[in-house]
Enquirer: 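Provided herewith is a single structure, encoded as C-alpha cells, for subsequent inquiry.
These figures come from a predicted structure and were not determined experimentally. In what follows, every heavy atom counts, from backbone to side chain, and hydrogens, waters and symmetry copies are set aside. Start at 1 and go down the list; that is how both ligands and their atoms are numbered.
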Amino acid sequence: MQNKVLIANRGEIALRIIRACKELGIATVAVYSKADKDSLHVKFADEAICIGNSRSNDSYLNMNRVISAALSTGCNAIHPGYGFLSENERFVSIVEKCGLKFVGPTSEVIAKLGNKAAARAIAKLARLPIVEGSDGVVDSLEEGLAISNKIGYPIMIKASNGGGGKGITIVYSETEFRKTFGKTMMEAKAAFGDSRVYIEKYIENPKHIEVQILGDNFGNVVQLGERDCSMQRNNQKVIEESPCVSLNPLVRRSMGFAAVRLAKAVKYTNAGTVEFIVDKDGKFYFIEMNTRIQVEHPVTEAVTGIDLVKEQLNIAFGSELSMRQYGIKTNGHSIECRINAEDVQNNFRPSPGTIKNLVFPGGNGIRIDSHIYSGYEVPPFYDSMLAKLIVHAPTRKEAIRKMRMALEQFIVDGIITNVDFLYVIMHNPEFVKGNYNTSFIKKVLEEQNNG
Ligand code: ADP
Ligand code: ADP
Ligand code: MG
C-alpha cells in the first residue's frame, strides 16, 4: 500500500512537507481554510479538502475536521508542521487512536514535554541545568510572590502551554508582580486555552542556542548541532544561524550531550529541538523542548546535508535513522532570515494585502521556502511570515555577504515587508562580529528612535 500523508498545516511549511513527500513517493492531502483556497499547498498536493472558515479555530485548529479529512481520503499518516495542532497532546492521542501515524513523537512524550513547567522537572531529572525557578506550575499569587522574592527580581512569568514567544512577562519588582500575575494567567488562557503559568529567573541578555535532535523507534538518538536564534524581537525569532560563532567548543559538546540525554530519558522519537539559554559566563540552561519540526530547520539542513522532513517521514513509517552520530559532519555556515508582512516603522504591525509583483533571488547557496507568488493575497488571519530566505556558504563572512545580495534582490511589491530591516541588520558591525544576544534588536530599535 502506498503511504498517504495528510498535511495539517498551511503556508511554507505545508509546501515543504509536500515536497519531501513527493521526493519519497508518498501521496499527499492538503487541508485548507476558505481564505487559503488559492494557496500553493492546495495546488501542489495530490488532493485538497476545505475544512472550514478562515479563522484558525474554524479550520486548522479544528481537530475533528482535520482527522475526518485524513480518514475520508484514506491517509495513513498526519504531518502537523509547526504551530496549530503540532504540539497538542489531545490531538495526537486521537490521531493514534484512529490508527493513523503521527509524524512526530508519541502523545505520551508530548504530554511529558508539552507543559513547559513539567518539562523543567524532567530535564532536571535527566541532569540538565535548568534556570532557577518554580517547581512546576504556580497556582496562586502568594506562592508566586514567595518564589520570586526568594530567587530575586527580575523574574519571568511564563505560560506553561505557551509558544511562539507569546505569554511571557518580565517582572522587575514585587509591586509589579502583584499587578501582572493574574493578568498573565488571563492572557495565557486567552491565547493558549490554558491559564497555567510558571516562574523562571530572568537571565539578562542571554543567547538562545538550540540543539536539533532526531530519534527513531529503535532507540537511536543523534544530535545535529546547534542553531543560534538570539536575533529576536519580543521573544520571537527573526534571524537564525548555524553554527553559533561565539560558542565555546566545550560548551557546544556538553549541550549536544545534554540534548541527547533528555531525548533518551523520555524515549523521544522523531525530530525535536532542545532549547537553551546561555548566560554571559557561557553557562547554559534548558528552557524548553519543541516536539516538532521548527521554522529554522533549514539552517541545520544546509550545514549537515540532512533532509530533516524526509527523516521525520521515514522515522514515522518505521525506518531506522539513516545516519549515526559519528557520521554527522557539518560544513560551512548557514543563515536564515524570516521575511514577514509587517510594517517595521509602525511597531511591526502586520501588513496583509495583495502582492502585485514578486521577484525572488537565486543562485548558488540560496534557498527560499515560501508559499507566496505574484497576485497572491496575504490573508490577515494567520502568522505574518511570507518566506524564509536561507543562505549557505563556506564561511560566516561569505554567508553574510550572500544574504545581503539576496535581500537586495528580494522584491515584494504591494505590501510592506521587513526586508529593509533585515538588510540593515546584515550590515550592523556587531552582528557581523557575531557579537549579539537576545536584546540586540531592542537595542538597535531604541538607538534608531533616539537618533
Ligand atoms: P520555532 O520554534 O520553530 O522557531 P516559532 O516559535 O516561531 O517556531 O513558532 C512557529 C509558529 O508556531 C508561529 O506561528 C507561532 O505563533 C506558532 N506557535 C508556536 N508554539 C505555539 C503554541 N504553543 N500555541 C500556538 N501557536 C504556537
Ligand atoms: P516559547 O515557548 O514561546 O518559544 P521560550 O521558553 O522558548 O518560549 O522562550 C522564548 C524566548 O524568551 C527565549 O528564546 C528567550 O529569548 C526568552 N527567554 C525565555 N526564558 C528566559 C529566561 N529565563 N531569561 C531570559 N530570557 C528568556
Ligand atoms: Mg521556545
Enquirer: By ring pair (Phe, Tyr, Trp, His ring centres under 6.0 Å), which residues pair with Phe348, not counting sequence neighbours?
Expert: Phe421

Enquirer: Quick one: CG on Asn57 to CG on Asn62, what's the gap to the nearest 0.5 Å?
Expert: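 Nearest 0.5 Å value for the CG-CG distance: 8.5 Å.
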
Enquirer: Check ligand 2 against Ile168 and write out every atom of the ligand that is under 4.0 Å from a heavy-atom position of the residue.
Expert: 8 (O), 9 (O), 10 (C), 12 (O)

Enquirer: Is a side-chain donor-acceptor pair under 3.5 Å present for Ser439 with Asn205?
Expert: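 Yes, because at least one side-chain N or O of Asn205 sits under 3.5 Å from a partner of the opposite role on Ser439.
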
Enquirer: Identify the two heavy atoms, one from Leu15 and one from Ser370, that lie closest to each other, and give their separation to 0.1 Å.
Expert: CD1-O, 3.2 Å

Enquirer: Can you find an N or O of Glu87 that's nearer than 3.5 Å to an N or O of ligand 1?
Expert: no

Enquirer: Quick one: does ligand 1 sit under 4.0 Å from the side chain of Phe192, the backbone, both or neither, non-hydrogen atoms only?
Expert: side chain

Enquirer: For atom 19 (C) of ligand 1, what is the closest protein heavy atom, and at what distance to 0.1 Å?
Expert: Gly164 N, 3.5 Å

Enquirer: Below a 4.0 angstrom heavy-atom separation, can you tell me which part of Ile203, side chain or backbone, both or neither, approaches ligand 2?
Expert: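 It is both parts that get close, each with some atom under 4.0 Å.
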
Enquirer: Below 30° counts as parallel, above 60° as perpendicular, anything between as tilted: where do the rings of Tyr60 and His41 land?
Expert: tilted

Enquirer: Say whether Arg338, considering both its backbone and side-chain N or O atoms, lies within less than 3.5 Å of an N or O atom on ligand 1.
Expert: yes

Enquirer: Of the protein's non-hydrogen atoms, which lies at the shortest distance from atom 21 (C) of ligand 2, and what is that distance?
Expert: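 The closest one turns out to be Met156 SD, 3.2 Å.
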
Enquirer: If you round to the nearest 0.5 Å, how far is CG of Leu262 from CZ of Arg127?
Expert: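 Here the rounded value is 11.5 Å.
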
Enquirer: Taking only heavy atoms of Glu275 into account, list the atoms of ligand 2 that are under 4.0 Å away from them.
Expert: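 Listed by number with element, the hits are 7 (O).
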
Enquirer: For Thr438, is at least one N or O under 3.5 Å away from an N or O on ligand 2?
Expert: no

Enquirer: With a 4.0 Å cut-off on heavy atoms, does Arg292 reach ligand 1?
Expert: yes

Enquirer: For Gln232, counting its heavy atoms only, list the atoms of ligand 2 lying under 4.0 Å from any of them.
Expert: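 Answer, ordered by atom number: 11 (C), 13 (C), 14 (O), 15 (C), 16 (O).
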
Enquirer: Which of the numbered atoms in ligand 1 are under 4.0 angstrom from any heavy atom belonging to Lys166?
Expert: 16 (O)

Enquirer: Evaluating non-hydrogen atoms only, which member of Cys229, Ser56, Gly83, Ala191 is closest to atom 17 (C) of ligand 1?
Expert: Gly83

Enquirer: Taking all non-hydrogen atoms of both residues into account, name the closest pair between Val309 and Glu301 and its distance.
Expert: N-OE2, 3.8 Å

Enquirer: Which ligand 2 atoms, with their elements, are less than 4.0 angstrom from a heavy-atom of Gly163?
Expert: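 Those atoms are 1 (P), 2 (O), 3 (O).
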
Enquirer: Does the side-chain hydrogen bond (donor to acceptor under 3.5 Å, both in side chains) test come out yes or no for Gln294 and Glu275, once each step is laid out?
Expert: CA-CA 11 Å; Gln294 277 186 291; Glu275 295 192 332; 3.2 Å; yes

Enquirer: Suppose I only count heavy atoms of Glu200 and a 4.0 Å limit; which atoms of ligand 2 are within that range?
Expert: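 Going through ligand 2 atom by atom, the ones under 4.0 Å from Glu200 are 20 (N), 21 (C), 22 (C), 23 (N).
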
Enquirer: Nearest protein heavy-atom contact for atom 11 (C) of ligand 1: which residue, which atom, what distance?
Expert: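 Nearest protein contact, heavy atoms only, for atom 11 (C) of ligand 1 is Tyr82 CD1, 3.7 Å.
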
Enquirer: Short list, please: which atoms of ligand 2 are under 4.0 Å from a heavy atom of His208?
Expert: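 It comes down to these atoms of ligand 2: 13 (C), 14 (O).
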
Enquirer: With a cut-off of 4.0 Å, which atoms of ligand 1 are near a heavy atom of Asn161?
Expert: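 Going through ligand 1 atom by atom, the ones under 4.0 Å from Asn161 are 23 (N).
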
Enquirer: Name the closest protein heavy atom to atom 1 (P) of ligand 2, giving the residue it belongs to and the distance to 0.1 Å.
Expert: Glu288 OE2, 3.3 Å

Enquirer: Taking all atoms of both residues into account, what is the closest heavy-atom pair of Tyr153 and Tyr172, and its distance?
Expert: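 In terms of heavy atoms, the two residues are closest at CB-O, 3.3 Å.
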
Enquirer: Number the atoms of ligand 1 from 1 as they appear, then name those within less than 4.0 Å of a heavy atom of Asp383, with their elements.
Expert: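 Taking each heavy atom of Asp383 in turn, ligand 1 has 13 (C), 14 (O) under 4.0 Å.
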
Enquirer: Working note: Glu288 + Asn290, criterion side-chain hydrogen bond (donor to acceptor under 3.5 Å, both in side chains); need CA distance, chi angles, decisive distance, verdict.
Expert: CA-CA 7 Å; Glu288 66 157 339; Asn290 288 150; 3.2 Å; yes

Enquirer: Around the Mg ion (ligand 3), how many protein N/O/S atoms fall inside 2.8 Å?
Expert: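 Every protein N, O or S atom under 2.8 Å from the Mg ion (ligand 3) counted, the figure is 2.
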
Enquirer: Which protein non-hydrogen atom lies closest to atom 12 (O) of ligand 2, naming both residue and atom, and how far is it?
Expert: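 Residue, atom and distance for the closest contact: Asn235 OD1, 3.2 Å.
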
Enquirer: Just need the protein heavy atom nearest to atom 3 (O) of ligand 2, so name the residue and atom and give the distance.
Expert: Gly165 N, 2.6 Å

Enquirer: Would you call the rings of His371 and Tyr376 parallel, tilted or perpendicular if under 30° counts as parallel and over 60° as perpendicular?
Expert: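 Answer is perpendicular, since the angle exceeds 60°.
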
Enquirer: At under 4.0 Å between heavy atoms, which part of Ile277 makes contact with ligand 2: side chain, backbone, both or neither?
Expert: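 Side chain only.
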
Enquirer: So is Gly162 touching ligand 1 or not, going by heavy atoms under 4.0 Å?
Expert: yes

Enquirer: Side chains of Thr273 and Arg227: do they bring a donor and an acceptor to under 3.5 Å?
Expert: yes

Enquirer: Do Ser242 and Thr300 get their side chains close enough for a donor-acceptor pair, meaning under 3.5 Å?
Expert: no

Enquirer: Identify the closest protein heavy atom to atom 2 (O) of ligand 1: which residue and atom is it, and at what distance?
Expert: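 Answer for atom 2 (O) of ligand 1: Gln294 NE2, 2.7 Å.
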
Enquirer: Under a plain distance cut-off of 3.5 Å, with no hydrogens placed, do Gln312 and Asn314 share a side-chain donor-acceptor pair?
Expert: no

Enquirer: Quick check for you: to the nearest 0.5 Å, what is the distance between Lys166 atom NZ and Gln236 atom CD?
Expert: 5.5 Å

Enquirer: Hey, is Gln236 touching ligand 1 through its side chain, its backbone, both or neither, going by heavy atoms under 4.0 Å?
Expert: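 Within the 4.0 Å criterion, Gln236 makes no contact with ligand 1.
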
Enquirer: Where on Lys158 is there a heavy atom closer than 4.0 Å to ligand 2, on the side chain, on the backbone, on both, or on neither?
Expert: side chain

Enquirer: Taking 4.0 Å as the limit for heavy-atom contacts, which would you say applies to Met385 with ligand 1: side chain only, backbone only, both, or neither?
Expert: neither

Enquirer: Looking only at the side chains, is there a donor atom on one of His333 and Glu241 sitting less than 3.5 Å from an acceptor on the other?
Expert: yes

Enquirer: In terms of atom number and element, which parts of ligand 2 are under 4.0 angstrom from non-hydrogen atoms of Ile287?
Expert: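 So the answer, numbered in order with elements, is 7 (O), 13 (C).
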
Enquirer: In terms of relative ring orientation, are Phe431 and Tyr436 parallel, tilted or perpendicular, with 30° and 60° separating the classes?
Expert: tilted

Enquirer: Which pair of heavy atoms, one from Ile293 and one from Ile13, lies closest together, and at what distance?
Expert: CG2-CD1, 4.1 Å

Enquirer: At a 4.0 Å threshold, what atoms of ligand 1 neighbour a non-hydrogen atom of Asn290?
Expert: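 So the answer, numbered in order with elements, is 2 (O).
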
Enquirer: Suppose we measure from atom 8 (O) of ligand 2 to each protein heavy atom; which comes out shortest, and what is that distance?
Expert: Lys116 NZ, 3.0 Å

Enquirer: Using heavy atoms and a threshold below 4.0 Å, how should the contact between Lys237 and ligand 1 be classified: side chain, backbone, both, or neither?
Expert: side chain

Enquirer: Without hydrogens or angle criteria, can the side chains of Tyr382 and Ser33 be said to hold a donor-acceptor pair below 3.5 Å?
Expert: yes

Enquirer: Between the side chains of Lys207 and Asn437, does any donor sit under 3.5 Å from an acceptor?
Expert: no

Enquirer: State whether a side-chain donor-acceptor pair under 3.5 Å links Asn115 with Tyr198.
Expert: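 No, because no side-chain N or O of Asn115 sits under 3.5 Å from a partner of the opposite role on Tyr198.
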
Enquirer: Going by distance alone, is a donor N or O of one side chain under 3.5 Å from an acceptor N or O of the other, for Ser107 and Glu96?
Expert: yes

